[in-house]
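Inspection log for the structure reproduced underneath, given as structure tokens.
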Amino acid sequence: MFKVIKYQGRARRGQFSCAHGGVVQTPVFMNVGTQGAIKGGVSAHDLREIGCQIELSNTYHLHLRPGDQVVRTMGGLHQFMNWDGPILTDSGGFQVFSLASLRKIKEEGVTFASHIDGHRIFMGPEESMQIQSNLGSDIAMAFDECVENPATHEYAKASCERTARWLERCVAEHRRLNALPDTVNPGQMLFGINQGATFPDLRVWHMDEIAKLNCDGYAIGGLAVGEPAEVMYDIIDAVEPHMPQDKPRYLMGVGTPSNIIEAVSRGVDFFDCVMPSRNGRHGKLFTWEGTVNILNRKYETDPSPVSESCSCPCCRSFSKAYLRHLFKADEVLALRLSVLHNLWFYNELMQKLRDALDAGTFDEFRAKYSGKLEQRV
RNA sequence: GGGGGAAUUCCAGAGCGGUCAAAUGGGGCAGACUGUAAAUCUGUUGUCUACGACUUCGAUGGUUCGAAUCCAUCUUCCCCCA
């Protein structure tokens, strides 16, 4: 269930709820735990503390390890990782892109050589739906092909036409699985994914096609794969008018704080990105004052927290000098604290966006922060 | 006391007459990261008035057109025998 509470321009303040329980306030950032854990030593317990509303995991990775049947046996992903909030599972479509050298695409689906041991695995729309059903996530993503950038119009057209056909198969299989008496999460929703590379005509055609299938939500995929941010914004501008108003919109894999602010201004409700966790592990920390590279020598004896204006578990207790030392000394605590900090920041960013939308001050918020949060302190 | 070995750029450690400002690690410094094959990857790391020049390979003195590389002496460390 999704409803828009308020519009400011095209920006939307909404509420989303799923059968499993829990209301998600949008715009929202989904914290990425690909393998059922946030990389860097962050557990579901920590997610609650840092204000995460919804978690994202991955079909391909959990299918390989520990295996979706194992997760099903353990009661589904919620119980397995002890997270009772909403979970969205990505379909494996991104791995068609990221593991390009290890896969082969056909009409039926994609054959991967496992990145772990090389064994062949086949994943098509039906398999992806089955795996996500076993995982018992609240939102399943359609199996798509995330096309690399740059792509030719010819390839992008053939690919998004196939992705459209795949969606029909996803919808049918998803409906069948949800109706089974022993299905893990009978209320599981399905989001369709728009593709079409950087070609507005393909994007619009594809969006119109998949909108007919009446999915529970729609995502824009295949962006932030190397194209300039302006191109990404142009694509959102082109596609957004063709997305159902009463369904959540999810911009997959995006992005920087400014990307998110800009996408919210264009009517996007859901986001996810590896950036806060990955950059955190690499010592790059987001703050309201700009980004901090904690590895820099200038912080060697800096007694202040990463950000004076942050109340995260790291900033509450530790100095920049200490965090830098932990990194230099290869202590895992460095990763954990940094990831907690960055995720805290992202969740707080979304909270402030929602507050601004509630207060009708989104434009001011955007003017104040867009394009500025990535600058170095 | 006798015999043997070694000293290389921040560290470890290659090099054994020219193609050596000197491999490779590590450390240092900086950068990248957008539905996670990422606790990863990339650049850089003698000095300068910098597409060239200058000073380096324990010290000093030699041999040679040319030495981190060969010789002599010295210094320091390590090993073995007494």
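Throughout, protein chains are lettered first and strands after them, A, B, ... in sequence-line order, and every chain is numbered starting at 1.
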Would you mind pulling out the nucleotide paired to [N], Watson-Crick or G-U wobble, both distances under 3.5 Å?
| N | answer |
| --- | --- |
| B:U69 | none |
| B:G17 | none |
| B:A12 | B:U24 |
| B:U40 | B:A32 |

What nucleic acid atoms does [X] come within less than 4.0 Å of, heavy atoms only: base, sugar-phosphate, or nothing?
| X | answer |
| --- | --- |
| A:Gln35 | nothing |
| A:Ser101 | base |
| A:Gly222 | base |

To the nearest angstrom, how far is [X] atom [atom1] from [N] atom [atom2]?
| X | N | atom1 | atom2 | result |
| --- | --- | --- | --- | --- |
| A:Phe271 | B:G35 | CZ | P | 13 Å |
| A:Met141 | B:G35 | CE | P | 13 Å |
| A:Leu335 | B:A38 | CG | C1' | 12 Å |
| A:Asn31 | B:G35 | CG | C1' | 14 Å |

message: Under 4.0 Å, heavy atom to any atom of RNA chain B: which of residues 115-127 of chain A qualify?
response: A:His115
query: Taking RNA chain B as the partner, which of residues 189-202 of chain A come within under 4.0 angstrom of it by heavy atom?
result: A:Ile193, A:Gln195
When you check the phosphate oxygens OP1 and OP2 of [N], does a side-chain N or O of [X] lie under 4.0 Å from one of them?
| X | N | value |
| --- | --- | --- |
| A:Gln95 | B:G35 | no |
| A:Asn58 | B:U36 | yes |
| A:Ser98 | B:A37 | yes |

query: Ion pair present between A:Arg65 and A:Asp117, side-chain N to carboxylate O less than 4.0 angstrom?
result: no
Salt bridge A:Arg266-A:Asp237, side-chain N to carboxylate O under 4.0 Å: yes
message: The criterion is side chain to side chain contact (heavy atoms under 4.5 Å, CB included); which residues satisfy it with A:Pro200, sequence neighbours excluded?
response: A:Ile235, A:Ala238
query: Residues two or more places apart in sequence or in another chain: which of them pass side chain to side chain contact (heavy atoms under 4.5 Å, CB included) with A:Arg169?
result: A:Pro125, A:Glu126, A:Trp166
Identify each atom pair where a protein N or O and an N or O of nucleotides 27-34 of chain B are less than 3.5 Å apart, giving names and distance.
from  : atom 1 : to       : atom 2 : distance (Å)
B:C29 : OP1    : A:Arg324 : NH2    : 2.5
B:C29 : OP2    : A:Lys328 : NZ     : 2.4
B:A30 : OP1    : A:Arg297 : N      : 3.4
B:A30 : OP2    : A:Arg297 : N      : 3.2
B:G31 : OP1    : A:Arg376 : NH1    : 3.4
B:G31 : OP1    : A:Arg376 : NH2    : 2.8
B:G31 : OP2    : A:Asn293 : ND2    : 3.0
B:G31 : OP2    : A:Asn296 : ND2    : 3.3
B:G31 : OP2    : A:Arg376 : NH2    : 3.1
B:C33 : O2     : A:His282 : ND1    : 2.8
B:C33 : N3     : A:Asn279 : OD1    : 3.4
B:C33 : N3     : A:His282 : ND1    : 3.2
B:U34 : OP1    : A:Arg278 : NH1    : 3.3
B:U34 : O3'    : A:Gly253 : O      : 3.0
B:U34 : O2'    : A:Ala224 : O      : 3.3
B:U34 : O2'    : A:Gly253 : O      : 2.5
B:U34 : O2     : A:Asn259 : OD1    : 3.3
B:U34 : N3     : A:Asn259 : OD1    : 2.9

field: Pair A:Phe270 + A:Phe16: ring centers closer than 6.0 Å
entry: yes
- prompt: Using 30° and 60° as the class limits, which term best fits the ring planes of A:Phe199 and A:His153: parallel, tilted or perpendicular?
  reply: perpendicular
- prompt: Taking only residues two or more places apart in sequence, or in another chain, which ones meet A:Trp205 in a side chain to side chain donor-acceptor pair (under 3.5 Å)?
  reply: none
All side chain to side chain donor-acceptor pair (under 3.5 Å) counterparts of A:Glu173, not counting sequence neighbours: A:Gln130, A:Arg176
query: Partners of A:His115 by ring-ring contact (aromatic ring centres under 6.0 Å, His included), sequence neighbours excluded?
result: A:Tyr60, A:His61
- line: Those residues at least two apart in sequence (or on a different chain) that pass ring-ring contact (aromatic ring centres under 6.0 Å, His included) with A:Tyr369 are A:Trp288, A:Phe365
field: A:Asp246: partners by salt bridge (charged side-chain N to carboxylate O under 4.0 Å, His left out), with sequence neighbours left out
entry: none
task: Tell me, with the steps shown, if A:Lys247 and A:Asn214 meet side chain to side chain donor-acceptor pair (under 3.5 Å).
output: CA-CA 9 Å; A:Lys247 301 279 175 68; A:Asn214 196 30; 2.8 Å; yes
statement: Here the side-chain hydrogen bond (donor to acceptor under 3.5 Å, both in side chains) pairs for residues 188-198 of chain A, sequence neighbours left out, are A:Ser137-A:Gln188, A:Asp144-A:Gln195, A:His174-A:Gln188, A:Asn194-A:Arg203, A:Asn194-A:His206
Protein-nucleotides 42-44 of chain B N/O pairs closer than 3.5 Å?
none

message: For the NZ atom on A:Lys3, are there more than 12 heavy atoms of other groups (residues, nucleotides or ligands in this structure) within a distance under 6.0 Å?
response: no
